[in-house]
Asker: 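Sending over a structure as structure tokens; questions will come in a sec.
Just so it is clear: chains get the letters A, B, ... in the order the sequence lines come, proteins before strands, and each one is counted from 1. Nothing here was measured: the structure is a model prediction, and the numbers come from that model. Hydrogens, waters and symmetry mates are skipped; everything else that's a heavy atom, side chains included, is used.
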Amino acid sequence: MLLKKISGSFHDLKPLISLVFIISSPKYRAFATHQLTPYSTPNPSISNTKSHSNLNHALLQMSIQGLDMKFRDYDALLNECVNSKSLRGGQRVQSHMIKTRYLPPVYLRTRLIVLYLKCEILNDARKVFDEMRERNVVSWTAMISGYTKTGFYSEALSLFVQMLRSGTYANEFTFATVLKSCVGPYGFEYGQQIHSHIVKSPFEFHIYVGSSLLDLYAKSGKPHEARIVFEGLPERDVVSCTSMISGYAQLGLDEEALGLFRTLQRKGMVFNYVTYVSILTALSGLAAFEYGKQVHGHVLRSELTSYIILQNSLIDMYSKCGNITYARRVFDEMPERTAVSWNAMMAGYSKHGLGKAVVELYNKMRDENNIKPDSATLLTVLSGCSHGGMENTGLRIFDEMVCENGIGSIDLSIEHYGCVVDLLGRAGQLERALRFIKEMPFEPNAAIWGSLLGACRVHKNAGVGKIAGDYLLKMEPRNAGNYVILCNLYASDGKWDEVRKMRELMKGTAVKKEPGKSWIELRRTMHTFYASDRSHPRKDEILSKVREISDRIKGFGYCPDLSCVMYDVDEEQKERLLLGHSEKMALAFGMMNVSAEKAIRIMKNLRICVDCHNFAKFVSQVYGREVFIRDKSRFHHIVNGVCLCGDYW
DNA sequence: TTAGGGTTAG
């Protein structure tokens with residue numbers, strides 16, 4: 001929806017660059033504060049609206065006064081309407097103006113725009129704006145802000161261009177606002193042009209403008225540029241700092257986010273709830289449970305606990321750190337919840353493969369009348385059923401959704417259909433999944449074909465797998481993961497010609513796999529391992545431990561799955577490469593350092609490979625260890641040789 | 001009178 005709005009009419013915009021001359025002129029200056037002069041003597045009974053706690057009473061006074069309304073009277077009434085978000089009040093004031101043929105000055109018309117925007121009536125605000133014979137920077141900025149806040153970015157930018165053309169200079173409010181409309185793939189170019197305008201304006205180092213700018217760069221995937229803007233600010237407050245932290249966190253640069261947070265913490269910065277939400281996102285990414293608990297402690301001491309969003313982030317953090325019990329405790333203790341709270345809790349259960357708990361919570365949510373499930377709820381429930389091995393329940397819930405008696409009010413997106421493909425795939429109904437894809441009201445995307453291909457790999461169905469793979473390779477010719485899965489699938493089916501073909505294709509497209517990385521937190525220190533890592537100070541010890549474990553579990557039936565190695569090397573070399581997988585090193589390191597009665601918790605940036613999964617299952621059985629592995633897709637909770645994922649991920 | 005940072009899902 002938002003993308004539609006963004007991409008909608010950006011292309012219709014004339015390049016801003018042609019307007020550089022307008023605002024780069026030396027005439028650019030700060031504007032004098034608008035001085036308000038009363039147009040005539042006000043009516044005390046209305047002008048003192050503040051003293052009337054009841055707006056209706058003042059509006060009644062207005063009717064009684066008849067034609068005798070003055071600027072100050074209207075001003076006072078509109079002020080009260082804005083404060084109390086009274087749309088009806090604003091409409092009555094406006095009709096009174098029309099009835100009495102009063103021609104409101106720019107200031108009052110702008111107040112009306114602000115009121116309508118506050119009441120989220122964009123069209124009425126625009127109508128007032130369009131009828132203005134003259135406008136000032138405030139009216140322009142208010143209207144631009146209205147479009148920005150509602151996600152109509154192209155309209156906001158279009159108005160900005162019109163404003164410059166009309167000869168009105170942008171001020172710090174305008175720049176801070178309009179930059180928000182440049183977030184998104186199509187807007188960045190405009191953002192850069194606006195940045196060049198800002199550089200020539202007196203507002204380059206304004207803290208609001210700077211925060212907007214750095215946020216734009218961060219959200220456009222340019223953390224380096226964002227940091228330059230951040231460092232260039234003459235002063236930094238909690239918002240600009242939070243913007244930088246959240247920019248890092250949203251780009252997955254969790255360590256950088258944590259580093260900046262800790263630096264600011266040492267400097268004594270007082271954070272607010274948004275900062276904590278942002279740092280919790282980074283800690284969720286890192287699965288840094290100990291840090292997370294520490295931050296939770298700060299939150300409790302800082303009296304910020306009443307923020308629902310912050311509580312939601314805590315639920316998310318604990319569940320992504322593998323501690324679903326703590327997550328549930330936060331959830332249970334919340335005095336008030338939003339749909340996001342429920343969704344976050346269900347998502348936690350889902351990632352842990354606890355499908356039953358997801359459905360239980362979903363039913364409870366539906367029973368509570370005050371919160372309505374939204375489209376994210378349904379995605380979570382469907383994916384929860386899929387992860388939890390509850391295919392039939394998931395399919396039943398989907399049917400409920402699409403039939404008339406269902407929830408009905410929720411728009412189904414392609415992601416919902418993707419979840420159904422997952423469910424059918426997991427249930428091994430691959431032909432049915434293929435038919436479902438062909439019949440669904442969306443054009444299948446790479447995620448859908450990827451999901452089907454993954455299911456074909458698990459159920460070893462090379463026929464449907466080839467169909468999905470062909471589509472997928474056309475859509476994502478440079479995604480190495482797809483070639484890897486197809487290779488595995490063909491290899492498991494003995495189709496060596498196809499395997500060779502895939503390898504050739506991989507070479508031809510020069511695809512590169514993202515390097516595998518696993519990490520483990522020990523006493524608040526992160527130990528990170530890369531595939532075939534030789535950088536860790538205890539590398540020799542760790543690698544020999546991996547070998548020792550491998551030898552021991554082989555005696556219990558472990559057999560290295562050489563099909564997981566994509567390199568064209570001999571079998572011995574393949575086994576050596578498998579032993580070098582980062583999660584095996586992290587697991588060995590965990591066994592060396594985590595006491596026997598405690599579970600070993602490992603994180604991996606990619607999906608765990610079949611061989612490492614199998615390796616961990618044998619470790620749990622032979623050594624009697626409980627192992628949690630969080631991979632890109634979910635948690636693997638492995639006890640006594642069995643993983644809760646049911647070997648499907 | 002107009003302004004900057006935030007949570008869940010795939």
Asker: Ignoring backbone atoms, establish whether A:S246 has a side-chain N or O less than 4.0 Å from OP1 or OP2 of B:dG6.
Answerer: yes

Asker: Examine the base of B:dG5 for any acceptor or donor lying under 3.5 Å from a partner atom in the side chain of A:T242, and report the outcome as yes or no.
Answerer: yes

Asker: Calculate the interatomic distance between A:D237 atom CG and B:dG4 atom P; express it in whole Å.
Answerer: 13 Å

Asker: Measure CG/A:L179 against P/B:dA3 and give the value in whole Å, please.
Answerer: 14 Å

Asker: OP1 or OP2 of B:dG6 versus the side-chain N and O atoms of A:K219: is any pair under 4.0 Å?
Answerer: yes

Asker: Return the value, rounded to whole Å, for the distance between atom OH of A:Y273 and atom P of B:dG5.
Answerer: 11 Å

Asker: Taking only N and O in the side chain of A:Q250, is any of them less than 4.0 Å away from OP1 or OP2 of B:dT7?
Answerer: yes

Asker: Distance check: side-chain N/O of A:K180 vs OP1/OP2 of B:dG4, anything under 4.0 Å?
Answerer: yes

Asker: Using only side-chain N and O atoms of A:S145, determine if any of them is under 4.0 Å from OP1 or OP2 of B:dA3.
Answerer: yes

Asker: Taking CG from A:L423 and P from B:dA9, how many angstroms apart are they, rounded to a whole number?
Answerer: 17 Å

Asker: Indicate the atoms forming the closest heavy-atom contact of A:T242 with A:V238, along with that distance.
Answerer: OG1-O, 2.5 Å

Asker: Between atom NE2 in A:H206 and atom P in B:dG4, what is the gap in whole Å?
Answerer: 12 Å

Asker: For B:dG10, does the base pair up with any side-chain atom of A:D422 as donor and acceptor (N or O, under 3.5 Å, distance only)?
Answerer: no

Asker: Supply the atom-to-atom distance A:H296 NE2 to A:L283 CG, rounded to the nearest 0.5 angstrom.
Answerer: 13.0 Å

Asker: Is there a ring pair (Phe, Tyr, Trp, His ring centres under 6.0 Å) between A:Y217 and A:H195? Walk through the geometry before answering.
Answerer: CA-CA 10 Å; A:Y217 280 110; A:H195 189 179; 5.6 Å; yes

Asker: Of all of residues 440-452 of chain A, which get a heavy atom below 4.0 angstrom from DNA chain B, listed by number?
Answerer: none

Asker: Where along residues 326-346 of chain A does a heavy atom fall under 4.0 Å from DNA chain B?
Answerer: A:V340, A:N343

Asker: Applying a 4.0 Å non-hydrogen cut-off, can you work out what A:V274 is touching in the nucleic acid: base, sugar-phosphate, or nothing?
Answerer: base

